[in-house]
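Structure, as structure tokens:
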Number of protein chains: 2
Amino acid sequence: MPDGPPKKPSRIQQRNRHLILDAALDVFSAHGYRGATLDQIAEAAGLSKPNILYYFSGKEEIHVTLLNQLMETWLDPLVEMDAMGDPMTELLAYVHRKLDMARDLPRESRLFAGEILQGAPRMHPHLVSDLKPLFDEKCAVIQGWVEEGKLAPVDPHHLIFSIWSTTQHYADFDAQVQVLSSDDPLEGARRYIDTLFRRMLSIPTSTSQTQ
Amino acid sequence: MPDGPPKKPSRIQQRNRHLILDAALDVFSAHGYRGATLDQIAEAAGLSKPNILYYFSGKEEIHVTLLNQLMETWLDPLVEMDAMGDPMTELLAYVHRKLDMARDLPRESRLFAGEILQGAPRMHPHLVSDLKPLFDEKCAVIQGWVEEGKLAPVDPHHLIFSIWSTTQHYADFDAQVQVLSSDDPLEGARRYIDTLFRRMLSIPTSTSQTQ
DNA sequence: CCACTTTTTGACCAATTGGTAAAGACACGA
DNA sequence: TCGTGTCTTTACCAATTGGTCAAAAAGTGG
């Protein structure tokens, strides 16, 4: 059963789909799935509502499309962590890449957070098929580093959880961070988080540690 | 202009208001403010929709009531951190109290997270009037501990942010944590987070540290 | 048992919202 | 210029949803 000619998308299609997805990212990340309306997305995109539905079959397809695109971007920093590199260097570089993402892609971070917060109704399959294998693989890498004595003893699973949570916090809880910070928090965050994981993962130099 | 007799709430009023708020906490934390419907809340509470509106003037009042109640509970662990106690003990006890809350009150954690994620539209005043002063006060306490040499040098603001994010992560991102964990993650989390902040805050024993 | 207050319900409404149908505007190659 | 397929809009639903209202039903004190 042939699929028919795939038909490359026209210039206009590319432009409008991109317009819609960008507008939808704004709206979904600000109000959540249920809180977002097609009218809001249409207005933000500068198109009419039926026109939106000419490019996407419905609200859900827009949301799913965003989530799919996001997954790739989201996993990339972890993918880049190299088992062959220096453990401390690789892990700290990963932390900094995640912090860069919280700074540069806060809408994406909030979209992801909102989806997970509500039980990942649309993303659960992706978590199992894409995230889980990568997560397991990188946990094994870290475990290897620990066993080689290149890192202080640490549970890789929770280490990664804490990297995610501390970095994404600055995007997801921005409203709170803004209230509590006088100057731009991101610079301080960078120094603090670097120190946090450096102290967590450093092998004690010498002397006996208490207990 | 007298306020009239305050009229203590009847037994029935207390019971039904409590039923409604508990049901609303379920629904709001699972679907967010916009995603929740009065019908869902009514069904979860075992009451009819008009009956709900007999006890609360509208959807928003229910939400605001929950948020107000929550604020007290939420700040309590931080309030209990005692400037007179031993710094490391106090901070680690605070971390463990926060982790207890993520375990025992996940609905509350998600309600709070959802509100902040969407820019704290209803809670912003509370953040400024309640959270900010407490936060500043406790930051000063921690700063004092650092200056006394009782803790390793650390930015108190980001330290608290990282305590919040690492602990609440287990409630807010539970859907993700569940996918990635084989056994119950909370026990491992407790050990990991304890170690994380212990290493972060410990004064180096002796010897020179590299760099 | 009776008056009186509190609680509960069924019927209803206006606004919002996701989505459709069909006609019209537009682009573009022959 | 014309015709054909692409894109856009206008007008319109049906369902959902927050909320109202008046009347019925339960409590409650005397």
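Sequence lines set the chain letters: A, B, ... in the order given, protein chains first and strands last, and positions in each chain run from 1.
- Look at Gln13(A) and you'll find a side-chain N or O under 4.0 angstrom from OP1 or OP2 of dC7(D).
- Taking atom CD1 of residue Ile41(A) and atom C1' of nucleotide dG19(C), one finds them 13 Å apart after rounding to whole Å.
- No option in Arg190(A), Arg198(A), Arg191(A) other than Arg198(A) meets the salt bridge (Lys or Arg N to Asp or Glu O under 4.0 Å) test with Asp194(A).
- In this structure, Asn51(B) does not reach the dT7(C) phosphate: none of its side-chain N or O atoms is under 4.0 Å from OP1 or OP2.
- With rounding to whole Å, Arg17(B) atom CZ is found 16 Å from dT6(C) atom P.
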Using nucleotides 24-30 of chain D, report all nitrogen or oxygen pairs with the protein that are shorter than 3.5 Å.
none

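- Separation of atoms CZ (Phe197(A)) and CD1 (Ile193(A)) is listed at 6.5 Å; rounding is to 0.5 Å.
- Between Ile20(B) atom CD1 and dG19(D) atom P the separation is 14 Å, expressed in whole Å.
- Contact annotation: Tyr54(A) side-chain N/O to dC7(D) OP1/OP2 distance is under 4.0 Å.
- Defined by atom type and a distance below 3.5 Å, a donor-acceptor pair is present between the side-chain atoms of Asn16(A) and Tyr55(A).
- When distances run from any side-chain atom of Asn16(A) to the nucleotides dT8(C), dT8(D), dT20(D), the shortest one goes to dT8(D).
- Residue pairs meeting the ring pair (Phe, Tyr, Trp, His ring centres under 6.0 Å) criterion with at least one member in residues 13-32 of chain A, sequence neighbours excluded, are Phe28(A)-Tyr33(A), Phe28(A)-His63(A).
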Report, one line per pair, each donor and acceptor closer than 3.5 Å where one atom sits in a side chain of residues 175-189 of chain B; sequence neighbours left out.
unit_1: Gln178(B); atom_1: NE2; unit_2: Asp174(B); atom_2: OD1; d: 3.1
unit_1: Ser181(B); atom_1: OG; unit_2: Val177(B); atom_2: O; d: 2.8

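- Side-chain contact of Thr89(B) with Asp86(B): a donor-acceptor pair under 3.5 Å is present, judged by distance alone.
- The distance between atom CZ of Arg11(B) and atom P of dT7(C), rounded to the nearest whole Å, is 12 Å.
- Within the structure, every pair that satisfies the ring pair (Phe, Tyr, Trp, His ring centres under 6.0 Å) test and touches residues 114-142 of chain B, not counting sequence neighbours, is listed here: Phe135(B)-His157(B), Phe135(B)-Phe161(B), Phe135(B)-Trp164(B).
- Among the protein residues, Phe56(A) comes within range of no part of the nucleic acid, since none of its heavy atoms lies under 4.0 Å from any strand.
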Nucleotide N/O of nucleotides 10-17 of chain C paired with protein N/O under 3.5 Å:
unit_1: dT17(C); atom_1: OP1; unit_2: Arg34(B); atom_2: NH2; d: 3.4

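- Atom CG of Leu47(A) and atom P of dT9(D) are 7 Å apart (whole Å).
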Test log, rule side chain to side chain contact (heavy atoms under 4.5 Å, CB included), inputs Tyr54(A) and Leu47(A) = CA-CA 11 Å; Tyr54(A) 173 75; Leu47(A) 300 173; over 6 Å; no
Could you tabulate the donor-acceptor pairs under 3.5 Å formed by side-chain atoms of residues 70-79 of chain A, not counting sequence neighbours?
none

